[in-house]
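Quantities reported herein were computed from a predicted structural model and do not represent experimental measurements.
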Amino acid sequence: MLLIVQDKKLFKAYDAVQVEDKEQEKNVVDKFLGELDLELVWYKYLTSTALRKPLTSSEFGKFAKDKLPKQLSMTAILQKYFGQKYQTHYSLDDYVILAKKSC
(Lines give C-alpha, C1' and ligand atoms only; values in the text may rest on other atoms or scores of the structure.)
Protein backbone atom coordinates (compact mmCIF):
# COMPACT_ATOMS: atom_id res chain seq x y z
CA MET A 1 0.00 0.00 0.00
CA LEU A 2 1.28 3.47 -0.83
CA LEU A 3 0.27 6.25 1.55
CA ILE A 4 0.88 9.97 1.20
CA VAL A 5 0.39 11.83 4.46
CA GLN A 6 0.79 15.53 5.18
CA ASP A 7 3.56 16.03 7.73
CA LYS A 8 1.59 18.30 10.07
CA LYS A 9 -1.37 15.93 10.23
CA LEU A 10 0.82 12.90 10.90
CA PHE A 11 2.63 14.50 13.83
CA LYS A 12 -0.48 16.21 15.21
CA ALA A 13 -2.27 12.85 15.41
CA TYR A 14 0.35 11.73 17.96
CA ASP A 15 0.80 15.06 19.76
CA ALA A 16 4.40 15.10 18.54
CA VAL A 17 6.40 18.15 17.53
CA GLN A 18 8.26 17.74 14.28
CA VAL A 19 12.01 18.27 14.80
CA GLU A 20 15.24 17.30 13.03
CA ASP A 21 15.18 13.82 14.59
CA LYS A 22 14.89 10.91 12.16
CA GLU A 23 14.45 8.37 14.99
CA GLN A 24 11.44 10.25 16.35
CA GLU A 25 10.10 10.54 12.81
CA LYS A 26 10.40 6.79 12.21
CA ASN A 27 8.67 6.09 15.54
CA VAL A 28 5.71 8.25 14.50
CA VAL A 29 5.52 6.52 11.10
CA ASP A 30 5.71 3.07 12.76
CA LYS A 31 2.99 4.01 15.27
CA PHE A 32 0.73 5.23 12.46
CA LEU A 33 1.24 2.05 10.45
CA GLY A 34 0.75 -0.13 13.52
CA GLU A 35 -2.71 1.35 14.00
CA LEU A 36 -3.51 0.43 10.40
CA ASP A 37 -2.12 -3.09 10.92
CA LEU A 38 0.57 -2.36 8.33
CA GLU A 39 4.32 -2.94 8.34
CA LEU A 40 6.79 -0.36 7.05
CA VAL A 41 8.63 -1.24 3.86
CA TRP A 42 10.04 2.20 3.03
CA TYR A 43 9.31 5.87 3.54
CA LYS A 44 10.62 9.23 2.41
CA TYR A 45 9.88 12.74 3.59
CA LEU A 46 9.44 15.14 0.70
CA THR A 47 9.75 18.81 1.55
CA SER A 48 10.19 22.08 -0.29
CA THR A 49 12.61 23.44 2.31
CA ALA A 50 14.89 20.39 2.80
CA LEU A 51 14.22 20.73 6.55
CA ARG A 52 12.16 18.49 8.80
CA LYS A 53 11.46 21.18 11.38
CA PRO A 54 8.76 23.60 10.16
CA LEU A 55 9.70 27.20 9.53
CA THR A 56 7.82 30.03 11.21
CA SER A 57 5.13 31.66 9.07
CA SER A 58 7.34 34.64 8.26
CA GLU A 59 10.35 32.43 7.48
CA PHE A 60 8.26 30.22 5.20
CA GLY A 61 6.68 33.25 3.53
CA LYS A 62 10.09 34.63 2.62
CA PHE A 63 11.31 31.20 1.49
CA ALA A 64 8.20 30.67 -0.67
CA LYS A 65 8.45 34.12 -2.23
CA ASP A 66 12.11 33.58 -3.12
CA LYS A 67 12.11 29.89 -4.09
CA LEU A 68 8.68 28.40 -4.88
CA PRO A 69 6.39 28.76 -7.92
CA LYS A 70 3.27 30.88 -7.50
CA GLN A 71 -0.24 29.41 -7.51
CA LEU A 72 -1.68 31.96 -9.90
CA SER A 73 -5.20 30.59 -10.38
CA MET A 74 -5.72 29.46 -6.79
CA THR A 75 -4.42 32.73 -5.35
CA ALA A 76 -6.90 34.72 -7.44
CA ILE A 77 -9.80 32.61 -6.12
CA LEU A 78 -8.60 32.82 -2.50
CA GLN A 79 -8.17 36.58 -2.75
CA LYS A 80 -11.54 37.16 -4.42
CA TYR A 81 -13.72 34.89 -2.29
CA PHE A 82 -11.86 34.63 1.01
CA GLY A 83 -10.08 37.98 1.24
CA GLN A 84 -6.61 36.43 1.31
CA LYS A 85 -4.02 39.22 1.20
CA TYR A 86 -0.96 37.26 0.08
CA GLN A 87 0.28 35.24 -2.89
CA THR A 88 0.20 31.46 -2.37
CA HIS A 89 2.96 29.22 -3.65
CA TYR A 90 3.21 25.52 -4.41
CA SER A 91 4.92 23.63 -1.60
CA LEU A 92 5.54 20.06 -0.62
CA ASP A 93 5.64 18.66 2.93
CA ASP A 94 4.46 15.07 2.76
CA TYR A 95 5.50 11.59 3.79
CA VAL A 96 5.39 8.97 1.08
CA ILE A 97 5.08 5.62 2.85
CA LEU A 98 5.20 2.16 1.31
CA ALA A 99 3.74 -0.45 3.63
CA LYS A 100 2.50 -4.02 3.53
CA LYS A 101 -0.06 -5.98 5.48
CA SER A 102 1.37 -7.29 8.75
CA CYS A 103 1.77 -11.06 8.94
Side-chain angles (χ1 to χ4, degrees):
M1 175 178 288
L2 182 67
L3 303 163
I4 300 173
V5 184
Q6 187 181 39
D7 64 339
K8 291 170 189 63
K9 291 183 180 178
L10 179 62
F11 279 81
K12 185 177 180 179
Y14 299 100
D15 294 320
V17 177
Q18 194 173 8
V19 295
E20 297 287 336
D21 182 347
K22 290 184 183 181
E23 185 66 30
Q24 179 220 25
E25 175 183 275
K26 185 172 181 311
N27 289 339
V28 170
V29 170
D30 284 336
K31 192 174 204 176
F32 172 63
L33 293 178
E35 290 183 13
L36 299 173
D37 199 26
L38 296 171
E39 184 180 321
L40 178 64
V41 174
W42 172 91
Y43 82 93
K44 177 125 179 119
Y45 179 49
L46 303 175
T47 176
S48 300
T49 64
L51 301 171
R52 281 175 163 72
K53 182 180 177 185
L55 299 174
T56 65
S57 294
S58 60
E59 290 171 332
F60 184 77
K62 179 171 178 10
F63 174 84
K65 183 180 174 189
D66 294 344
K67 308 269 185 193
L68 300 177
K70 295 177 181 177
Q71 290 185 1
L72 300 176
S73 298
M74 193 62 176
T75 296
I77 292 168
L78 292 169
Q79 289 174 343
K80 181 176 180 178
Y81 295 104
F82 297 101
Q84 180 173 290
K85 305 284 187 224
Y86 56 89
Q87 172 74 51
T88 46
H89 296 77
Y90 289 101
S91 64
L92 182 66
D93 290 302
D94 300 306
Y95 283 89
V96 178
I97 304 168
L98 181 62
K100 64 181 180 179
K101 188 72 174 159
S102 297
C103 298

Exercise. Check for a donor-acceptor pair, side chain of T75 on one end and backbone N or O of T88 on the other, with a separation under 3.5 Å.
Key: yes
Quiz item: Going hydrophobic residue to hydrophobic residue with side-chain gaps under 4.5 angstrom, can you get from L46 over to W42?
Solution: yes
Quiz prompt | S48 (side chain) donor-acceptor with L92 (main chain) under 3.5 angstrom | solution = yes
Quiz item: Is L78 reachable from Y81 through a run of I, L, V, M, F, W or Y residues, each pair having side-chain heavy atoms under 4.5 Å apart?
Solution: yes
Practice problem: Any chance you could measure K67, atom NZ, to K62, atom NZ, to the nearest 0.5 Å? | Solution: 8.5 Å
Quiz item: Does some side-chain heavy atom of L40 sit less than 4.5 Å from a side-chain heavy atom of K26?
Solution: yes
Quiz item: When rounded to the nearest 0.5 angstrom, what is the spacing between NZ in K101 and CG in D37?
Solution: 4.0 Å
Exercise. Enter the distance from H89:NE2 to D66:CG here, rounded to the nearest 0.5 Å.
Key: 8.5 Å
Quiz prompt | Side chain Q18, main chain R52, donor-acceptor under 3.5 Å | solution = yes
Exercise. Say whether L10 and M1 are linked into one hydrophobic cluster, either directly or through other cluster members, by side-chain heavy-atom distances under 4.5 angstrom.
Key: yes
Quiz item: F32 vs Y14 aromatic rings, parallel, tilted or perpendicular, using cut-offs 30° and 60°?
Solution: perpendicular
Quiz item: Roughly how far apart are N27 CG and K22 NZ, rounded to 0.5 Å?
Solution: 14.5 Å
Quiz item: Taking the side chain as C-beta and beyond, is there a heavy-atom pair between L55 and T49 under 4.5 Å?
Solution: yes
Quiz prompt | Connected via hydrophobic side-chain network under 4.5 Å: L36 and V28 | solution = yes
Self-check item: Check: Q87 and L72 side chains under 4.5 Å, non-hydrogen atoms
Solution: yes
Quiz item: Going by heavy atoms in the side chains, are F11 and V17 under 4.5 Å from each other?
Solution: no
Quiz item: Hey, does F60 have a side-chain heavy atom less than 4.5 Å from the side chain of L68?
Solution: yes
Exercise. Please check if the side chain of Q79 supplies one atom and the backbone of Y86 the other of a donor-acceptor pair under 3.5 Å.
Key: yes
Self-check item: Option among D94, L98, L38, V96 that satisfies the side chain to side chain contact (heavy atoms under 4.5 Å, CB included) test with L3
Solution: L38
